[in-house]
Amino acid sequence: MAQPATAITPTRSENYAEWYQQVVRAADLAENSPVRGCMVIKPWGYAIWEGVQRVLDGMFKDTGHKNAYFPLFIPVSFLEKEAAHVDGFAKECAVVTHHRLQAGPDGKLVPAGELEEPLVVRPTSETIIGATYAKWVQSYRDLPLLINQWANVVRWEMRTRLFLRTAEFLWQEGHTAHATKEEAVEETMKMLGVYAAFAEGWMAMPVIQGRKTDGERFPGAVDTYCIEAMMQDRKALQAGTSHFLGQNFAKASEIQVLDAAGARQFAWTTSWGVSTRLVGAMIMTHADDDGLVLPPRLAPAHVVIIPVIHKPEDADAITKYTQELARALKQQSFDGRPVQVELDTRDMRGGDKAWNWIKKGVPVRVEVGPRDMAQDSVFMARRDRAHKEKVAVKREAFVAGIAALLQEIQDGLFARAAALAKEHTRRVDSKEEFERFFTAPKVAENEPTPIHGGFALAHFCGDPAVEASVKETLGVTVRCIPFDGDNEPGKCVITGLPSKKRVIWAKSY
RNA sequence: CGGGGCGUAGCUCAGCUUGGCUAGAGCGCCUGCUUGGGGAGCAGGAAGUCGUCGGUUCAAAUCCGGCCGCCCCGACCA
């Protein structure tokens, strides 16, 4: 049967949203579950998440944090303690009201044993961790408390998309308590920096660090900081957040210590998190019309070896040759770990196998047949280049150069993503230009909206009502007030009122 | 929660308007042969209580009603 020109249909330019779903499916990352809004993360997708966990966990430990675990269930009364927090999360909480099932009249199971106080399935853990911290600290000498937990959380979303927004998702949430405001602010910034380093260094995803506007701030936080990345459809994706919570939660949960002078003081707290959404971010940053493209530092497999065996009499020799190749590659190290090798001996046609791994995004693919073996070489293709572009490489040189090659691919992916972001980030100084920038070309009613827009660097007066109205009319919000960039004052692109600094406007996920 | 659409084989769907043989196709799956540096060809095969409950009828995938579920567009969101 004739195959389409690309492994994924539709392509990014034809229908970006549908393309995304097809990539997730083709790479076998995840699928929808019997439970509405929840996903099943399949082994290949989970392996990517494990890579994220491995690296970040190491970074958290290096910055002095310890892991712990807090309950999935949170008493409703805990959530009520912080007013802004309630407003932010109440409408998307799953609530547990019963603790038992019993047979109903028609044989079906019905809830019984109503709880005196309903429990919510954690949408985030500030309140329950705050209540625990209150017991743990008495003296300023007990601070700082630097804890992280890897967990699942539930936010009852109406519309979901695999990895990007699901009712249940996996994440880590760091929760720290400090004796002084300065220390807590420093922690908030430090962890934002960790996220930025991870996003850029491992995911090969350029990010902008900045502060959220009042309208976009985490419910209950004093300040929310974030890393924002541009996806290939030029929409922004918030890839990580770090919150300076001030004393809001300390007051709500009574996290108090005696200071050196013997006076009672509320602690200063922070929280910070990234989620399985990062997998979606990685897809939308690097994947192409043939499927997933993995940055080597997070790829579950770096190299896949596909033996090409046509005649049975070649089988033994090629099997031995590829096994030996796999062993030699595994002895090489990349990024401080052994090179991860997949030897694909499945009983499948060669073409099917090759496309299988292309769609899964493995950085380097080698085919080894009798001809290669005879020349003591391998036939190599890299995922960041066209799939037809294959070259014969001497085996020894290939093995010796694998780490450098993987690093080159890693760097190339970052450069490509950075170039895209740069190309579609522009200064906008008039309302007309602003509207033009964010208005999609007209298409027929059932057609998907063409890719357009990007990041607009424009002045903003800071009025939340203005931001809300822009969101209403154009679907555009302030993604962040970036740390970088010049500080020349100007006039708000919408109202003309004075503005201290340009902010980043964009459509977002 | 508002507006629209859809539930038929593992997947994508046709059939329904105008009720009637044993409910179909493509892909996938299994077997065999032919192929063989790219997602193959031929032949054969397995696989569906037509979402569910009820109604109309001699007869329901098809008509009517309730329920359940899913998708898309809004509102909300990491």
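Here is the naming used below: chain letters follow the sequence lines, and residue numbers restart at 1 for every chain. No experiment lies behind these values; they were computed from the predicted model shown.
Put simply, CG on A:N15 is 11 Å from C1' on B:C72, counting in whole angstrom units. Here B:A75 presents its P atom at 9 Å from NZ of A:K471, a figure rounded to the nearest Å. Spacing between atom CE of A:M348 and atom P of B:C30 amounts to 11 Å, rounded to whole angstrom units. The separation between A:M205 atom CE and B:A78 atom C1' is 12 Å, rounded to whole Å. The CD atom of A:Q21 sits 15 Å away from the P atom of B:C70 (whole-angstrom rounding). Remark: C1' of B:G37 and CD1 of A:I318 are 11 Å apart, rounded to the nearest angstrom. Residue A:R25 contributes atom CZ, which lies 15 Å from atom P of B:G10 at whole-angstrom precision. If you take CD of A:E31 and P of B:C11, they are 10 Å apart, rounded to a whole angstrom.
In the set B:C72, B:G37, B:U35, the nucleotide with an atom closest to the side chain of A:H310 is B:G37. Relative to the side chain of A:D372, the nucleotides B:G39, B:G37, B:A40 differ in distance, and B:G37 lies closest. Side-chain proximity of A:V308 to the nucleotides B:G37, B:A40, B:A78 is greatest for B:G37. Taking the side chain of A:A7 as heavy atoms from C-beta on, and the options B:G39, B:A40, B:G37, the nearest nucleotide is B:G39. Comparing B:C76, B:G39, B:G37 against the side chain of A:K91 picks out B:C76 as the nearest.
With A:Y20 contributing its side chain and A:L162 its backbone, the two residues share a donor-acceptor pair below 3.5 Å.
Taking atom P in both B:C16 and B:G24, one finds a spacing of 15 Å when rounded to whole Å. Straight-line distance between the P atoms of B:U18 and B:C64: roughly 10 Å, to the nearest whole Å. For the P atoms, the distance linking B:G2 with B:U62 amounts to 28 Å, nearest Å. For the C1' atoms, the distance linking B:C42 with B:A47 amounts to 22 Å, nearest Å.
With hydrogens and angles left out, the side chain of A:N356 and the base of B:G39 share no donor-acceptor pair within 3.5 Å.
Across all strands shown, B:A40 pairs with B:U34; the Watson-Crick or G-U wobble distances both stay below 3.5 Å. B:A60 is unpaired under the criterion used here, namely a Watson-Crick or G-U wobble arrangement in which both key atom distances are under 3.5 Å. Nucleotide B:C67 forms a Watson-Crick or G-U wobble pair with B:G51, both donor-acceptor distances falling under 3.5 Å. Base pairing analysis places B:G74 opposite B:C1; the two distances defining the Watson-Crick or G-U wobble pair are each below 3.5 Å. Pair check for B:G10 finds B:C27; Watson-Crick or G-U wobble, both atom distances under 3.5 Å. Judged by Watson-Crick or G-U wobble contacts below 3.5 Å, the nucleotide B:C21 has no partner.
Checked against a 6.0 Å centroid threshold, the rings of A:H65 and A:W272 count as neighbours. Checked against the 6.0 Å centroid threshold, A:F437 and A:W505 do not count as a close aromatic pair. Between A:F218 and A:H85, the distance separating the two ring centers is shorter than 6.0 angstrom.
Side chains of A:R479 and A:T477: a donor on one and an acceptor on the other come within 3.5 Å. Side-chain contact annotation: A:T270 with A:E187, donor-acceptor N/O pair under 3.5 Å absent.
Taking the charged nitrogens against the carboxylate oxygens, A:D314 and A:K311 have no contact shorter than 4.0 Å, which rules out a salt bridge.
Nucleic acid contact for A:L237: none, since no nucleic acid atom lies under 4.0 Å from a heavy atom of the residue. Base engagement by A:P370 is indicated by at least one non-hydrogen atom pair under 4.0 Å involving a base atom. Within 4.0 Å of A:T166, counting heavy atoms only, lies at least one base atom of the nucleic acid. As judged by a 4.0 angstrom heavy-atom cut-off over every strand, A:R365 is placed among the base-contacting residues. Nucleic acid contact for A:T241: none, since no nucleic acid atom lies under 4.0 Å from a heavy atom of the residue. Across all strands shown, A:G350 has no heavy atoms under 4.0 Å from either base or sugar-phosphate atoms. A:F218 comes within contact range of no nucleotide atom at all, as no heavy-atom separation falls under 4.0 Å.
Both A:G351 and A:E168 lie close to RNA chain B; mapped to their nearest nucleotides by heavy-atom distance, the more 5′-ward contact belongs to A:G351. Nearest-nucleotide positions on RNA chain B for A:D352 and A:F169 put A:D352 closer to the 5' end.
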